[in-house]
Amino acid sequence: TLGEESDIESVQVAIRSLPYIGRETDVVRGLEVAIDALSTARDDAERIVFLVTDGMFKDNEGLGAVSERLHAVADSVFALTAGPTAQQAPLKDLITVTQDSDNVFVAGNFQDLNSQRFESDLFTDVLCNCLEIPTDFLFVIDSSGSIDGSQWELMKKFVANTASLL
């Protein structure tokens, strides 16, 4: 977690230094970490969780239960899936996480994450309210083996760019 970082430059440095793991996607465990991290969120802040993944989960057992627990502590949950597997991945798992199909975004490839159009659409749909009220924004980022190192770097760039908009 990056909870210790308070200025945007420190946050971006911390994001860029995240290591690539390259194992199976354990989205349930990632969401459990998000739930724990939200326990230290500000009381007066909107709490937004954003899952960034290629959509290929190793196991979705327990996904419904952890999603319910997540929604008990988060005000909004969004999911973004990218890459060739995003087109094949069942969106039902991502809808289970977000509990709203309008909160699932699909990018055709990882390069699209950092396109002006995609960032503009995302900013309009999700981020613009964050500028008006106190918001704690938490990213859960997939670094599984189905994502290669260059795609991981594009995901980190997307998260760092998004953080700079907040």
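Computed over heavy atoms, backbone and side chain alike; hydrogens, waters and symmetry mates excluded. All values reported here derive from a predicted model rather than from experimental measurement. Positions are given from 1 along the sequence.
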Residues Thr53, Asp142; criterion side chain to side chain donor-acceptor pair (under 3.5 Å); working and verdict: CA-CA 5 Å; Thr53 180; Asp142 179 353; 2.7 Å; yes
Derivation of the side chain to side chain contact (heavy atoms under 4.5 Å, CB included) call for Leu63 and Asp93: CA-CA 8 Å; Leu63 191 59; Asp93 287 343; 3.9 Å; yes
Heavy-atom pair with the smallest gap, counting every atom of Ser101 and Ile95: CB-CD1, 3.8 Å
Side chain Gln151, main chain Asp148, donor-acceptor under 3.5 Å: yes
Interatomic distance, Glu153 atom CD to Tyr20 atom OH [nearest 0.5 angstrom]: 10.5 Å
Candidate pair Val106 and Leu94, rule side chain to side chain contact (heavy atoms under 4.5 Å, CB included), full reasoning: CA-CA 10 Å; Val106 178; Leu94 295 174; over 6 Å; no
Partners meeting salt bridge (Lys or Arg N to Asp or Glu O under 4.0 Å) with Arg29 (sequence neighbours left out): Glu32
Whether Phe50 and Phe137 hold their rings parallel, tilted or perpendicular, with breakpoints at 30° and 60°: parallel
Non-hydrogen side-chain atoms of Leu80 and Leu51 separated by less than 4.5 Å: no
Closest non-hydrogen atom pair between Val104 and Thr98, with its separation: CG2-OG1, 3.6 Å
All salt bridge (Lys or Arg N to Asp or Glu O under 4.0 Å) counterparts of Glu68, not counting sequence neighbours: none
Residue pair Ile147 / Phe110, side-chain heavy-atom distance below 4.5 Å: yes
Side chain to side chain contact (heavy atoms under 4.5 Å, CB included) between Phe78 and Ile48, intermediate numbers included: CA-CA 8 Å; Phe78 297 90; Ile48 297 177; 3.8 Å; yes
Validation row: Pro134, Glu46 side chains within 4.5 angstrom (heavy atoms): no
Test item: His71 side-chain N/O and Val77 main-chain N/O as donor-acceptor pair under 3.5 Å: no
Flag side-chain contact, heavy atom, 4.5 Å: Ile141 against Leu18: yes
Ring geometry between Phe139 and Phe158 (parallel below 30°, tilted from 30 to 60°, perpendicular above 60°): perpendicular
Nearest non-hydrogen partners of Gln12 and Ala160, listed with the distance: NE2-O, 3.1 Å
Sidechain-backbone polar pair: Arg42 side chain, Thr135 backbone, donor-acceptor under 3.5 Å: yes
Heavy-atom closest contact (Ser67 atom, Val97 atom, distance): OG-CA, 3.4 Å
Cationic N near anionic O, under 4.0 Å, Asp75 to Arg47: no
Contact summary for Leu70 and Leu31, nearest pair of heavy atoms: CD2-CD2, 3.9 Å
Minimum-distance pair of heavy atoms, taken over all atoms of Gly62 and Val28: C-CG2, 4.0 Å
